[in-house]
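Throughout, a chain's letter reflects where its sequence line sits, starting with A, and its residues are numbered from 1. These values consider heavy atoms only, across backbone and side chains, with no hydrogens, waters or symmetry-generated copies.
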Amino acid sequence: MPVIVLTKWDMPGDHRTIIPISEISTGNHHSHHSVKGTVIHKGPLVSSSTYHFILKAVIAGDNAEAEGSSINIVILGTLAKDFSQAVNEKDVVIASGYTVGKSPTARKDKRHVCNLLLSGDQAQIHVFWHSPSDLPSSRQAKMKKTSAPPTLLSTPKYKYVKLSDLNAGAVVNVYGVVVFFKQPYKSRGTDFCSSLKITDQSEQKITCTIFCSKPESHPQIFQIGDIVRLHRVKIQPYKDSVTLMNSFGFSALAFSGKVDADTEPRTSSKTFHFTEEDRRTVTELRSWAADQNLMSEDLNVRLSGAQPKTYFNLTCQLLAKAPVHSTCTLLRVWDGTRCPYALLKVTVNANIIEGTTSFSEEREKLIANVLVFDNHVQCTKNLKPGDFLRIFNLRAIPGSIRLPGVRSSQVEEINHLSFHLHGGTAYGRGIRILPDNCTDVQELKRIMKVFHENMELNQPEVNDSAMWDAWNTPPQSPVKGASVEFSTERTCDHELQPVTLSELKHCTPGSFHHVRAQLRSYEPSRLHQVLKLYCSKCQSMQDIPDNKLVSKVFSEASTVPNGPPSPPDWCLSGQVHLPGESEPGPGGRTLNVHLSAQLTVEGRSKELIFLTGCTPLEACHLATTFTNVIPVRSLPGGQLDLLDLSVPFLFRGRKRFYGCKQCSKGAAVREPKADGDNIIDEKKIAEAFGIQLLKFVLLLTFHLQDATDKLDAYLLRESEHFFNVSTEETATKQEVQDRISRTLNYYCPPEGNADERPWLDLCLAAYRTYMDENKKVYFQIKSTRTREL
DNA sequence: GCTTAGGGTTTG
């Protein structure tokens, strides 16, 4: 039985007699008795292997001063835990269902000769709280859930002084928002010293100096805007103001300052007092601080935003480190972004490197080399590759560097960036390891993952796992099946319970979620608009041009200049006659064509043809005879040129290939080389012409719905997997297009009861896009496929 | 038990 909270004494169904404490004895039968008393002592919740939890308390009757009028009670099991959370000293309780034992401490504590043991189903404690407004909501919530960790002890009351009310000499407790801080650093004395400047609603800014022998006992500040609670700090006069210094019994809690973050305190203390009132204070400080523009002081920058000669804070992952010199350590780090400036390579002897000693050239371009000097060298000794770090007041240094104690190892690289953490602690200079569970690390991991996925998409041949091994994917085991039959199945290995769409809307980006939902509708509704052209270089996405636009560009390109044609010298030029029926207009047409002389000599003239002045349909026609058909136009000087890249540059069988306008500057007609496997394909042609080939991708927006909410999710990266099709085939094969249409029709029938639509079991990734100032969270369908229909 | 520092850029 739990502790039952009452706001008036109405114990339904309880007909026990309340007896005075003095009447308790081992000889009495107490099964129909209850005992009422005020809690005058409440011990800590102690965990026990036998009872799970034990808690001792003392309750006293009305005449508390008299010997034997207070009695020890021992509470075992979950009741102890409930009691710990629901009952405070001075609360009035009624205990029943107890057994009476001899108190072993009666002689010493002058309390009742018996004690009460409360355990098992019969034991009950009713607690009286004066009015409903006395009931903090979480106190009520905890009564139902009983889930708070046992370290949250019930409170002696702490008073917190506003920063405008500090009188020198006193020892006080304060709350504040951090506006400046220095990481703990070794002082000249015996301790580590850390420095804080905090403010609160009184707008006073007060400096705090903390001396503790262990860095972990200092407030765990990660960034400006964090909130601290300091217990037992001494107010000392200094200059025209006061400073706060830790005194005996000092303890500190720190919290994220973000308005929507959880209120989990950061502390190294095993036990601490943290009440609903504390939670409220933190929340109030957060919302006050949100309007104070304190974060403008915050200089967190990503490598993608690093500017030469500037100072900034970098949140990153340590990939490798190398002690270069007694006054200098090299940290090789990455933050999931690409620095727009070339990064300086720093060469050090491989045998002093801890962590990965070499990376592929591609990865090497992403890695920032950080040189850490002087006092910070000591701190790097605790760092391990894989750690997530925040480096404060890092400076981006353009140009070459010379490493201390290393001769001529450095190649001159002008204007390449390296990063220095100079000696000293000015401006909060220092390094901190961020815990894995902090939101900034979660965000960092997400960015790294997105980058990794994009990189894979662009360069599937690059597979340097070393960089990615350092961070872990979630534990992998299958999720238990559900009774509903789903039309899709997840192919991921996340061990996640499904969430509702309304829950999902409040999730943290950079995470995966499982949902069960129906397809309300989808976009685009026309299948040909589902296919997009994607440039893996500039990552742009565009529609496939419609026939009207293609015809227009072809028609504009068919104007023949007056001068004589002047094709390249590797071409053989001639004419083909096309019969008239394929196009409107009088009779047939004669087209200028150009063939590769080399291929013609090799008897391979059917493999490549350039056509001047053709229509799209003619190009398609000829693609049944020639392997590669390339529409071209004549420039005024007679030279051959490619058509505008808004139309296909190559017809190959039934396929059309497109190039990226943005990324194919300087594209021109050049002779494709049939080397190696001797096959001329779109890749070889694009390469010869200097064209960045576009990929076909499928992009759909699913409007999902469940009982709780609606939500949009994109199907992009894994659309092939989802429909079990190849995008290239989708572009050319009717049967593949039909398959996709059938699937979508099944999930979302044009008519019929929406409730009867099949359910989809989906894995969704929640993410933010780069530089999205709205901080909007997007969802993408991952690792999900359609079951056989 | 006492002291440490008292924000405000290296000079690699």
Exercise for review: Would you please test A:T337 and A:R302 for side-chain hydrogen bond (donor to acceptor under 3.5 Å, both in side chains) and show each step?
Suggested key: CA-CA 7 Å; A:T337 71; A:R302 297 204 188 282; over 6 Å; no

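- Closest to the side chain of A:R429, out of B:dG7, B:dT9, B:dT4, is B:dT9.
- The side chain of A:K197 approaches B:dG7 more closely than any other nucleotide in the set B:dT11, B:dT4, B:dG7.
- In this structure, A:F392 and A:F181 have perpendicular ring planes: the angle between them is above 60°, well past the 30° mark.
- Atom OH in A:Y238 sits roughly 10 Å away from atom C1' in B:dG7 (whole-Å rounding).
- With distances taken from any side-chain atom of A:S187 to the nucleotides B:dG7, B:dT11, B:dA5, the minimum falls on B:dA5.
- As rounded to whole Å, 15 Å separates atom C1' of B:dA5 from atom CG of A:N375.
- Aromatic ring pairs are classed by plane angle as parallel below 30°, tilted from 30° to 60° and perpendicular above 60°; the pair A:F451 and A:W334 is perpendicular.
- Looking at A:R395, its side chain has no donor and acceptor atom pair within 3.5 Å of the base of B:dT9.
- Under the 90° criterion around 0 for the glycosidic angle, B:dG7 counts as anti.
- Applying the 5.5 angstrom centroid cut-off and the 30 degree plane-angle cut-off, the aromatic ring of A:F211 is stacked upon the base of B:dT4.
- For B:dG8, one of the phosphate oxygens OP1 or OP2 lies less than 4.0 angstrom from a side-chain nitrogen or oxygen of A:K182.
- Within 4.0 Å of A:T209, counting heavy atoms only, lies at least one base atom of the nucleic acid.
- Between A:H231 and A:Y160, the gap from one ring centroid to the other is short of 6.0 Å.
- For A:Q236 and B:dG6, the CD to P distance is 14 Å, given to the nearest whole Å.
- Nucleotides of DNA chain B nearest to A:G428 and A:G423 differ in position, and the one nearer the 5' end is that of A:G428.
- Rounding to whole angstrom units, CG of residue A:L421 and C1' of B:dG12 are separated by 12 Å.
- Counting to the nearest Å, the P atom of B:dC2 and the NZ atom of A:K234 are 11 Å from each other.
- Side-chain atoms of A:N393 lie closest to B:dT9 of the nucleotides B:dT9, B:dG12, B:dG6.
- Taking atom CG of A:N246 as the reference point, atom P of B:dG6 lies 15 Å away to the nearest angstrom.
- The residue A:F248 sits apart from the nucleic acid: no heavy atom pair falls under 4.0 Å.
- Cation-pi contact between A:R332 and A:F359: absent, since separation from the ring centre below 6.0 Å together with deviation from the ring axis within 45° is not met.
- Look at A:F373 and the base of B:dG12; the rings stack, centres closer than 5.5 Å and planes less than 30° apart.
- Counting non-hydrogen atoms under 4.0 angstrom, A:K186 reaches nothing in the nucleic acid.
- The side chain of A:R188 contributes an N or O atom lying less than 4.0 Å from OP1 or OP2 of B:dA5.
- Rounded to whole Å, the distance from CZ on A:F180 to P on B:dG6 is 9 Å.
- No N or O donor and acceptor, one from the side chain of A:H325 and one from the base of B:dG12, sit under 3.5 Å apart.
- Aromatic stacking is not marked for A:Y427 over B:dG7, as the cut-offs of 5.5 Å for the centres and 30° for the planes do not both hold.
- B:dG6 and B:dT10 have their C1' atoms separated by 22 Å, given to the nearest Å.
- Here the C1' atom of nucleotide B:dG6 and the CG atom of A:L196 are 13 Å apart, to the nearest Å.
- For the 3.5 Å distance criterion, the side chains of A:K162 and A:S202 fail to qualify, holding no donor opposite an acceptor.
- Listed candidates were B:dT3, B:dA5, B:dT11. Nearest to the side chain of A:Y185 is B:dA5.
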